[in-house]
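Report on the following structure.
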Amino acid sequence: MGKDIAISQELQNYMLGAIPPEPEVLQKLAKETLELGSASAMQISWLQACFMQNIIRMCGAKKTIEIGVFTGYSTLATALALPDGGTITALDVDKSWTDVGKKYWHKAGVGDKINLVIAPAIESLDGLINDGLSGSYDMVFIDADKPSMSKYLDRAYHLLRRGGVVVADNVLWGEDVLDEGDVSEDTVAIRAFNKALATDDRFDTSMIPVGDGLSIAIKK
Ligand code: SAH
Ligand code: CA
């Protein structure tokens, strides 16, 4: 589900004081997401979203894909960082969750940057490839069902331009990747994804322990 890896609360608070405050509209969306109970743990935190916003700015992204929207917090953070005319193709299977986000996307005035597609993400990604959109995206955020991560990475490779960036969430899986006895489908898939990406010469890859672990891979 995504529990943040252990950084002391004290250090987290210090870090939160060292970055801009969370925009009010994201605070409100996070508050409504909390009301969903344990599922709310799937949402990325402001520390992570703020970092991703700078990745978007650093690579000059205009056209992005998000695989796994949930209540649209990461979607909104992305849309807020994209320039005017920027777009995010947001993929999820669950309309009731994405409906929560939609209200806030429009409140924030970025609703028209977000193209939400409700369907299994693999079908949507293959649809974009079949539509001739390969090589045209600047960033792909992978944050949906973990067993499909490696397939999403392959589709992302096709859809990204050279220099485009894959950001993958939950790569440390609350440190469960270290527990060799954990052979659950999600943990095994994340371990395999990390191992393959380390030596995947299609990308320049790095990893940071923000949130539940983020891998950043730049298409060569
Ligand atoms: N990025 C979001 C969290 C996403 S949680 C945030 O930071 O707030 C994972 C999401 O993946 C869920 O909303 C779930 O509905 C979606 N999902 C699961 N399987 C999927 C699939 N096969 N295709 C598309 N979305 C999927
Ligand atoms: Ca996640």
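FYI, side chains are in, hydrogens and waters are out, and symmetry mates aren't considered; it's all heavy atoms of this structure. Both counts, for ligands and for their atoms, begin at 1 and track the order of listing.
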Please report which non-hydrogen protein atom sits nearest to [atom], along with the residue it belongs to and the distance in Å to one decimal place.
| atom | result |
| --- | --- |
| atom 26 (C) of ligand 1 | V93 CG2, 3.7 Å |
| atom 23 (N) of ligand 1 | A121 N, 2.9 Å |
| atom 7 (O) of ligand 1 | I44 N, 3.0 Å |
| atom 8 (O) of ligand 1 | Q43 CA, 3.4 Å |
| atom 4 (C) of ligand 1 | D143 O, 3.3 Å |
| atom 20 (C) of ligand 1 | D145 OD1, 3.4 Å |

* Asked: How does I67 reach ligand 1, by side chain, by backbone, by both or by neither, if only non-hydrogen atoms under 4.0 Å count?
  ->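 I67 to ligand 1: no contact under 4.0 Å from either part.
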
* Asked: Is a side-chain donor or acceptor of E66 paired with a backbone partner of I88 at a separation under 3.5 angstrom?
  ->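 It does not hold such a pair.
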
* For the pair S8 (side chain) and L11 (backbone), establish whether a donor and an acceptor sit closer than 3.5 Å, ignoring hydrogens and angles. =>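 Present.
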
* Is there a nitrogen or oxygen of F70 sitting under 3.5 Å from a nitrogen or oxygen of ligand 1? ->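 Min N/O separation from ligand 1 is below 3.5 Å for F70.
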
* Asked: Under 3.5 Å, N or O to N or O, is F141 touching ligand 1 that way?
  ->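 No - when backbone and side-chain N and O of F141 are compared with those of ligand 1, no distance drops under 3.5 Å.
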
Pairing of [X] and [Y] as salt bridge, 4.0 angstrom limit:
| X | Y | value |
| --- | --- | --- |
| K220 | D201 | no |
| E32 | K103 | yes |
| E35 | K31 | no |
| R202 | D154 | yes |

* Is the Y73 to Y104 ring centre distance short of 6.0 Å? ->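 No, ring centres 6.0 Å or more apart.
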
Proximal ligand 1 atoms for [X], defined as those under 4.0 Å from one of its heavy atoms:
| X | value |
| --- | --- |
| Y152 | 21 (C), 22 (N), 23 (N) |
| G68 | 1 (N), 2 (C), 4 (C), 10 (C), 11 (O) |
| D94 | 15 (O) |
| P120 | 23 (N) |
| W97 | 12 (C), 13 (O), 15 (O) |

* Any idea which of A39, A49, A30, S74 brings a heavy atom closest to atom 1 (N) of ligand 1? ->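 Comparing heavy atoms across A39, A49, A30, S74, the nearest one to atom 1 (N) of ligand 1 lies in S74.
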
* To do: Decide whether a cation-pi geometry holds between K63 and Y137; the criteria are a distance under 6.0 Å from NZ or CZ to the six-membered ring centre and an angle within 45° of the ring axis.
  =>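 Positive - K63 is close enough to the ring of Y137 and near enough to its axis.
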
* Which pairs with one or both residues in residues 89-98 pass salt bridge (charged side-chain N to carboxylate O under 4.0 Å, His left out), sequence neighbours excluded? ->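 Matches after skipping sequence neighbours: K95-D99.
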
* Asked: Any N/O/S atom of D143 sitting less than 3.0 Å from the Ca ion (ligand 2), backbone or side chain?
  ->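 Yes, within the cut-off.
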
* Please note down the angle at the Ca ion (ligand 2) between OD2 of D169 and OD1 of N170, to the nearest 10°. =>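 Between OD1 of N170 and OD2 of D169, at the Ca ion (ligand 2), the angle is about 80°.
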
* To do: Kindly determine whether M207 and L214 satisfy side chain to side chain contact (heavy atoms under 4.5 Å, CB included), including the steps that lead there.
  => CA-CA 6 Å; M207 185 190 277; L214 277 182; over 6 Å; no

* Asked: Per the salt bridge (charged side-chain N to carboxylate O under 4.0 Å, His left out) rule, which among K62, R57, R161 passes with D138?
  ->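 With D138 as partner, K62, R57, R161 yield a single salt bridge (charged side-chain N to carboxylate O under 4.0 Å, His left out), made by R161.
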
* Asked: Does D92 come within less than 4.0 angstrom of ligand 1, counting non-hydrogen atoms of the residue?
  ->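 Within the 4.0 Å threshold, so yes.
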
